[in-house]
Amino acid sequence: MNAGYGRDLDLNLLRVFAVVVDTGSVTAAARRLYLTQPAVSAALRRLTTAVGAPLFVRRGRGLALTSRGERLHATLVPHLQAIVDAALSEPHWNAATSERTLRLGLSDTTEVWLLPALIRVLAREAPRMRVVSIPVQFRTVAAALASGLDAAITVADELPATVRRQPLFCGGFVCLFDPRHTRLRRAPTAEDYFALDHVIVSYNGDLRGIVEDVVQRQRKIRCSVSTFANLGALLDGSALIATVPTTIAAQIRETRPHLATRPLPFVIKGSPTELLWPSSTDDDDACRFLRGKIVELARSSSPKPKRA
């Protein structure tokens, strides 16, 4: 055994330290840890003594890390959850008896079609397992994975090297509209497209979407929403059109088959929807089981585009 293991350092102090950093205050950390505030303060003093340097300084009503505290936190965080998981893991993992709760980040484009199918699979094969669904999108997924997600499914850009990624499917974009209120030829021109009123999904809460970014031309946007959840209801009975991934169009038309699609008058390449997970869960049996089921579902039941 490494001689360093024998030093006077209670490893539970590192857990207290991590929660204080996460919450920014001793009081909030005490509530999360179910400890008293004096107990948390005492734990920080013991850790400071063991480390031999101050870890926090006061900043307003909260706490800020010193440079020594920042180095400790940066080194600790990637390993702490793995240590907790290792301590709590079942000696012989069995899907049929496992009571694990896994946190799964889902974009709004995948939650509706994937989550019901996944829950049905778990009901058959892992009836005691639970899934907590967390909303993510390409701008938030890296931070969400760093905060403890077991896996995520979304479109993603650059990610840390500690995140594994596996493409699930890739689709393009189409126009989606209500043909009872909007006339759009089967091969619309750019003039046809830009003459109509549009509804867009903007994660920034503005009037720019993928068309403005790629084509560099502004549409006549009448409505901007933050998710795809209510897009079908907005189009149904209106003269608005939406530019959406083919998978989203197919999903919406499952419940609103009278809506129609048309190709875009320009090319927008779709990014692959990917399964993402922290490398620290590579050998976690429960996480591997969940990832395997997600891959199977993506191959067999991802929404297929319908003809207009």
Side-chain angles (χ1 to χ4, degrees), residues 5 7-90 93 98-107 111 115 128-137 139-154 159-160 162-163 276-282 284-287 290:
Y5 295 160
R7 294 186 60 189
D8 186 18
L9 175 61
D10 181 349
L11 295 182
N12 191 54
L13 302 180
L14 297 174
R15 177 169 171 262
V16 174
F17 168 75
V19 175
V20 172
V21 174
D22 188 41
T23 60
S25 79
V26 170
T27 302
R31 286 196 298 266
R32 182 180 295 185
L33 293 164
Y34 299 100
L35 297 174
T36 64
Q37 186 173 334
V40 173
S41 297
L44 292 181
R45 287 195 297 271
R46 288 177 58 199
L47 182 60
T48 299
T49 299
V51 171
L55 301 174
F56 293 97
V57 293
R58 284 284 176 188
R59 179 172 293 171
R61 295 184 177 181
L63 296 173
L65 288 169
T66 63
S67 59
R68 181 66 182 89
E70 289 177 349
R71 293 198 304 273
L72 175 60
H73 185 253
T75 304
L76 173 66
V77 167
H79 305 289
L80 186 59
Q81 187 60 49
I83 293 171
V84 173
D85 290 343
L88 300 179
S89 63
E90 300 154 3
W93 190 82
S98 174
E99 297 185 358
R100 283 282 297 276
T101 298
L102 298 180
R103 292 165 54 84
L104 182 60
L106 295 173
S107 68
E111 184 178 51
L115 194 55
R128 299 183 185 179
M129 285 185 67
R130 298 173 292 266
V131 172
V132 177
S133 176
I134 309 295
V136 298
Q137 40 101 340
R139 288 191 177 91
T140 64
V141 66
L145 286 166
S147 298
L149 287 185
D150 295 294
I153 305 171
T154 186
L159 291 172
T162 54
V163 175
L276 313 166
W277 68 93
S279 58
S280 59
T281 67
D282 277 347
D284 184 304
D285 289 329
C287 291
L290 187 71

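We're numbering straight along the sequence, starting at 1. If you're wondering where the values come from, they're calculated on a predicted model, not measured in any experiment. The analysis underlying the following values was restricted to heavy atoms, covering all of them including side chains, and did not include hydrogens, waters or symmetry mates.
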In this structure, which one of L47, V26, L33 forms a side chain to side chain contact (heavy atoms under 4.5 Å, CB included) with V16? L33
For L276, the option from V136, I153, L145 that meets side chain to side chain contact (heavy atoms under 4.5 Å, CB included): L145
Which atom names give the shortest non-hydrogen contact between [X] and [Y], and what distance separates them?
X    : Y    : result
A142 : L159 : CB-CD2, 3.7 Å
A28  : S25  : N-OG, 3.0 Å
P54  : T66  : O-OG1, 2.7 Å
L14  : L76  : O-CD2, 3.5 Å

Rounded to the nearest 0.5 Å, how far apart are [atom1] of [X] and [atom2] of [Y]?
X    : Y    : atom1 : atom2 : answer
W277 : L102 : CH2   : CG    : 14.5 Å
L290 : S98  : CG    : OG    : 10.5 Å
R31  : T23  : CZ    : OG1   : 8.5 Å
R45  : S41  : CZ    : OG    : 6.0 Å
L72  : E70  : CG    : CD    : 11.0 Å
R100 : C287 : CZ    : SG    : 5.0 Å

If a pair satisfies ring-ring contact (aromatic ring centres under 6.0 Å, His included) and one of its residues is in residues 25-72, list it, with sequence neighbours excluded. F17-F56
With side chains defined as the heavy atoms from C-beta onward, is the minimum distance between V57 and L63 less than 4.5 Å?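 Of all side-chain heavy-atom pairs linking L63 with V57, none is under 4.5 Å.
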Who passes side chain to side chain donor-acceptor pair (under 3.5 Å) against R130, sequence neighbours left out?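 Only T101 meet the side chain to side chain donor-acceptor pair (under 3.5 Å) criterion with R130.
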Report the residues that fulfil side chain to side chain contact (heavy atoms under 4.5 Å, CB included) with T49, sequence neighbours left out, ordered by chain and then residue number. none
Hey, are Q137 and T154 close enough side-chain-wise for a donor-acceptor pair under 3.5 Å?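 Side-chain D/A pair, T154 to Q137: absent.
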W93 and D284: side-chain donor and acceptor closer than 3.5 Å?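 No, because no side-chain N or O of W93 sits under 3.5 Å from a partner of the opposite role on D284.
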[X] (side chain) donor-acceptor with [Y] (main chain) under 3.5 angstrom:
X    : Y    : answer
T162 : S279 : no
T75  : R71  : yes
D150 : L104 : no

Go through the steps for R32 and D22 under the test side-chain contact (heavy atoms from CB on, under 4.5 Å), then give the verdict. CA-CA 10 Å; R32 182 180 295 185; D22 188 41; 2.4 Å; yes
